[in-house]
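Residue indices begin at 1 and follow the sequence shown. Order of listing sets the numbers, starting from 1, for every ligand and every atom in it.
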Amino acid sequence: MAKLFRAVILGPPGSGKGTISERVASSFGLQHLSSGDFLRENIAAKTEAGVLAKTYIEKGALVPDHVMTRLMLPRLVEMTRHSWLLDGFPRTLAQAEALNSACELDVVISLNIPLETLKDRLRHRWIHPASGRVYNMRFNPPRVQGVDDISGEPLIQHEDDKPEALVARLRHYKDVAKPVIDLYRAKGILHMFSDTETDRIWPYVSSLLSAKIPTDLADAQRATTH
Ligand SMILES: Nc1nc2c(ncn2[C@@H]2O[C@H](COP(=O)(O)OP(=O)(O)OP(=O)(O)O)[C@@H](O)[C@H]2O)c(=O)[nH]1
Ligand SMILES: Nc1ncnc2c1ncn2[C@H]1C[C@H](O)[C@@H](COP(=O)(O)OP(=O)(O)O)O1
């Protein structure tokens, strides 16, 4: 059995983690697990973790580490026979250490995007809450403004995507992300990408993963996902 591939993508709100993760999933057949989407699923299903997490997210706060770890690690056990890409987890050093005790990562991608670019992107971001599908009026607009392409349901904007809320979120992101980035740099698996356009970053991410993912594994996974 070819060795499975484990990756994490890190980056501030609006940096393009979700956008790049979707491209990685379709190009390399990795399973994309977004902590935000998984939380929304648990909130919608009113699971114990979902009910608890909702109380924090409604206040615009991070969900406590022990709640996130207790939610994410069992999900990763279910995915143990797949190669995967984690998006939005780990977000703190405690989460990274919990993840490292459960599995070994091959690559950590870190997106380093200028503040003004993040503000501009999030100002134009529209989301379909139920599915987590993400649009941007400048970058990937829906066919009909304000309407989800698949379900036809209305799109919304997150309150904390507004520029005034973003500065606080970014400062908090930087504080909690730095030790995580330092940890993976020390492990020699960190790959940092800086640009203002995802389409300019994508070729580098794609060639990094092409070099790192064993070809027989990538072929096998593409076969199972198509
Ligand atoms: N203009 C522009 N918008 C982009 C680009 N890449 C992504 N976007 C849009 O910018 C917004 C943020 O991208 P996401 O992929 O949601 O970023 P994220 O890191 O997952 O964001 P969070 O979920 O908030 O952490 C979305 O509306 C994207 O469609 C780009 O290169 N240019
Ligand atoms: N790894 C994690 N640790 C703590 N809270 C998390 C988390 N991942 C997601 N959350 C919480 C806080 C986020 O604001 C919320 C929604 O997550 P998201 O969809 O990734 O959006 P964003 O992080 O851009 O706010 O869920």
Compute the shortest N/O to N/O distance between [X] and ligand 1 and return yes if it is under 3.5 Å, no if not.
{"X": "Pro13", "value": "no"}
{"X": "Lys17", "value": "yes"}
{"X": "Glu197", "value": "yes"}
{"X": "Ser15", "value": "yes"}

Donor-acceptor pair, [X] side chain versus [Y] backbone, under 3.5 Å?
{"X": "Ser27", "Y": "Val24", "answer": "no"}
{"X": "Asp106", "Y": "Ala7", "answer": "no"}
{"X": "Lys17", "Y": "Pro12", "answer": "yes"}
{"X": "Asp37", "Y": "Leu33", "answer": "no"}
{"X": "Arg123", "Y": "Pro163", "answer": "no"}
{"X": "Tyr173", "Y": "Gly11", "answer": "yes"}

Judging by distance only, is a nitrogen or oxygen of [X] under 3.5 angstrom from one on ligand 2?
{"X": "Arg91", "answer": "yes"}
{"X": "Val63", "answer": "yes"}
{"X": "Asp37", "answer": "no"}

Contacts of Arg200 meeting salt bridge (Lys or Arg N to Asp or Glu O under 4.0 Å) (sequence neighbours excluded), chain-then-number -> Asp195

Note: Thr19, heavy atoms under 4.0 Å from ligand 1, region reported as both

The answer for which part of Val134 has a heavy atom under 4.0 Å from ligand 1 is side chain

Problem - Atom indices of ligand 1 within 4.0 angstrom of Pro12 heavy atoms, with elements - result: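 That gives atoms 19 (O) of ligand 1.
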
Linking I/L/V/M/F/W/Y whenever any side-chain heavy atoms sit under 4.5 Å apart, do Phe193 and Leu170 land together? yes

| Salt-bridged, Arg121 to Asp161, with N to O below 4.0 Å? |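 Result for this pair is no, no salt bridge flagged.
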
- Query: Is the closest basic N to carboxylate O distance between Asp182 and Lys178 below 4.0 Å?
  - Reply: yes

With heavy atoms and a 4.0 Å threshold, my read on which part of Leu62 contacts ligand 2 is both

I need the nearest protein heavy-atom contact for [atom]: residue, atom name and distance, please.
{"atom": "atom 31 (O) of ligand 1", "answer": "Thr198 N, 2.7 Å"}
{"atom": "atom 8 (N) of ligand 1", "answer": "Phe139 CD2, 3.5 Å"}
{"atom": "atom 23 (O) of ligand 1", "answer": "Arg125 NH1, 3.5 Å"}
{"atom": "atom 29 (O) of ligand 1", "answer": "Asn140 OD1, 2.9 Å"}
{"atom": "atom 10 (N) of ligand 2", "answer": "Leu39 CD1, 3.5 Å"}
{"atom": "atom 27 (O) of ligand 1", "answer": "Tyr135 O, 2.9 Å"}
{"atom": "atom 9 (C) of ligand 1", "answer": "Asn136 ND2, 3.5 Å"}
{"atom": "atom 16 (C) of ligand 2", "answer": "Arg40 NH1, 4.1 Å"}

Given [options], which has its nearest heavy atom closest to [atom]?
{"atom": "atom 17 (O) of ligand 1", "options": "Ser21, Gly11, Gly16, Gly18", "result": "Gly16"}
{"atom": "atom 18 (P) of ligand 2", "options": "Ala94, Gly36, Gly88", "result": "Gly36"}
{"atom": "atom 25 (O) of ligand 2", "options": "Arg169, His172, Gln95", "result": "Arg169"}

I'd like a table of donor-acceptor pairs (distance under 3.5 Å, sequence neighbours excluded) in which one partner is a side-chain atom from residues 67-80, with atom names and distances.
from  : atom 1 : to    : atom 2 : distance (Å)
Thr69 : OG1    : Asp65 : O      : 2.9
Arg75 : NH1    : Glu78 : OE1    : 3.0

Q) Against heavy atoms of Ser35, which atoms of ligand 2 measure under 4.0 Å? A)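 Under 4.0 Å from Ser35, ligand 2 has these atoms: 7 (C), 8 (N), 9 (C).
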
Under the criterion salt bridge (Lys or Arg N to Asp or Glu O under 4.0 Å), I'd like the reasoning laid out for Asp149 against Arg133: C-alpha separation, chi angles, the key distance, then a yes or no. CA-CA 9 Å; Asp149 287 352; Arg133 272 187 291 276; over 6 Å; no

Exercise: identify the closest heavy-atom pair between Leu10 and Pro90: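 What the structure gives for the nearest pair is CD2-O, 3.5 Å.
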
Item to check | NZ or CZ of Lys59 within 45° of Tyr56 ring axis and under 6.0 Å | outcome: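 Yes, Lys59 sits over the ring of Tyr56.
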
Requested in this report: May I ask whether atom 8 (N) of ligand 2 is less than 4.0 Å from at least one protein heavy atom?
Outcome: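 Looking at atom 8 (N) of ligand 2, one finds that a protein heavy atom does lie closer than 4.0 Å.
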
